[in-house]
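To start, the structure itself, in structure tokens.
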Amino acid sequence: MDINLINIVKRYKQNLVLNKVNLTFKEGCLNCIMGPSGVGKTTLINLLMGLEQPDSGEIQGLEDKLIAAVFQEDRLIEHWDAISNVKLVCDKKITVNQIEQEFAKIDLSEYKNKPVHTLSGGMRRRVSIIRAMLHQSNLIIMDEPFKGFDSSLKQKVIEYVKEKTAGKTVIIVTHEIDEVRILQANLILLN
Amino acid sequence: MARKSDSVAKSVLLNRWGVRILVICFWLLFWEILYRLIDNEIFLVSPTTVLNTLWDLAGQIAFWQAIAFSFIRIVLGFLLAMVLGILLAILSYNNWIVKELINPIFKVIKATPVASFIILALLWTKASNLSILIAFLMVVPMIYTNVLQGLFARDQKLLEMAKVFRLSRWKKVKAIYFPTVMPYFYSAVSVGLGFCWKAGIAAEVIGIPSGSIGEWLYESKIYLMTNELFAWTIVIIIISILFENIVILILKHLRYRTIDSQGKNFKEE
């Protein structure tokens, strides 16, 4: 089922962040949201994740969605190692061995048993991406997931994300038009 | 290189223990000098007299029975306080009305002098149960306040993550709540442990339950047996320290299972 946002209005006190936003995210498609800072991109995905409620308007098509997310601030369990962070959100059927294979795909094997608070920003981001990829879901929401990667690593991680999200609805907030191009995603501009 | 650093560590440890033993010797010597200066066994007895008294007491069954009597009751009060303190904190965290309802009671308990409680408790309960009630009353507000503080210190962003990924309640407790609450709980337990012993024994001295440490202390005072008073005080200090160390060891193990293991224990489940 497609996700439809109908006349969504969201304000924080007097600050109107989203004003009668109408959008459709096609089921099984990759969608990128772009727009200047402060335009309400993060608010929009918070509404989709159910972390905030719109002041008015309606979101349709979320009823059957199982959501996985990559948050802007990673939101990992800091004192736990990288694998345990991923295992936390996984189905029981997914083994540690399978998770380790995912770590190898984006050059994280060396850091899999390290507590995440000792990892660099880029490594934490990759742990957060693997966590979202391995969670049983059909809607994946990602807030600037490739921020801070060098170009070759970015290419590798984007390919990994494309492979893992095939057939799922994906919504990515980004500032980089290059990422939209490599992902071959639908572009949604928020003004 | 490793062998060298090992030997350095060993010598530092030996030095530290050496200093500690010297410090103990210094204070024992100071005590002995003071005893000789005062020269009155009613006011102050010598360390050797106390040791001899302890040795004599240890040979009596009544001595061990008194220790068991007081230990069981004070520990029971402490454990009950721990369970109820945690339960009430969880209830208050989940329901603000419960929190508002409970807060004034604990404020009153905290502000009330221990002696008032002991005298009041004597009206409510048998003297033999007095130390259970007093240890409980002294510790429960500490556990409640600290655990509640820990629960409110949880990371809201991690709870949002848990909501999005639909983590089970147990996973949320283990990954998010436990690590936040444990340091608060740990500090409440360490403070509460010392406090429950002091308050529990004080209650026994006032209530004089038959066969308790408090009764022995009271009789030492009445019959001016300063040597027994000192010996029992040392016994109380030793039991209190031993109990504190055992509980802290258990808590450290719990802490490892929940925080320091870096999630390894979770992975093994």
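Letters go in sequence order (proteins before strands), and every chain restarts at 1.
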First locate atom NE2 of A/His135, then atom CG of B/Leu167, and finally report the distance between them rounded to the nearest 0.5 Å. 8.0 Å

If you look at every heavy atom in B/Ala175 and A/Ile77, which pair is closest and at what distance? O-CG2, 3.7 Å

Any side-chain heavy-atom pair of A/Phe71 and B/Met161 under 4.5 Å: yes

Could you tell me whether B/Arg20 atom CZ has more than 12 heavy atoms of other residues or ligands within 6.0 Å of it? yes

Would you say the side-chain atoms of B/Lys171 pair up with the backbone N or O of A/Leu88, donor to acceptor, closer than 3.5 Å? yes

Note: B/Lys174 and A/Trp80 closest approach over all heavy atoms is O-CZ2, 4.1 Å

Within 6.0 Å of OH in A/Tyr111, more than 12 heavy atoms from elsewhere: no

Residue part contacting chain B, namely of A/Ile99, when any heavy atom lies under 4.5 Å: neither

Enumerate by number any residue of residues 145-155 of chain B whose heavy atoms lie under 4.5 Å from heavy atoms of chain A; in the absence of such residues, state 'none'. none

Step through the shown structure and confirm whether more than 12 heavy atoms of other residues, nucleotides or ligands are within 6.0 Å of NZ on A/Lys168. yes

Can you tell if the side chain of A/Asn46 reaches within under 4.5 Å of the side chain of B/Glu160, non-hydrogen atoms only? no

Checking A/Glu78 against chain B: side chain, backbone, both or neither under 4.5 Å from a heavy atom? neither

Flag yes if more than 12 heavy atoms outside A/Lys162 fall under 6.0 Å of its NZ atom; otherwise flag no. yes

Decide if atom CZ of B/Phe243 counts as having more than 12 heavy atoms of other residues, nucleotides or ligands within a radius under 6.0 Å. yes

More than 12 foreign heavy atoms under 6.0 Å from CD of A/Glu110: is that the case here? no

Under 6.0 Å from the CD atom of A/Gln136, do we count more than 12 heavy atoms belonging to anything else shown? no

Shortest non-hydrogen pair, B/Lys163 vs A/Leu51, comes out as CD-CD2, 4.2 Å

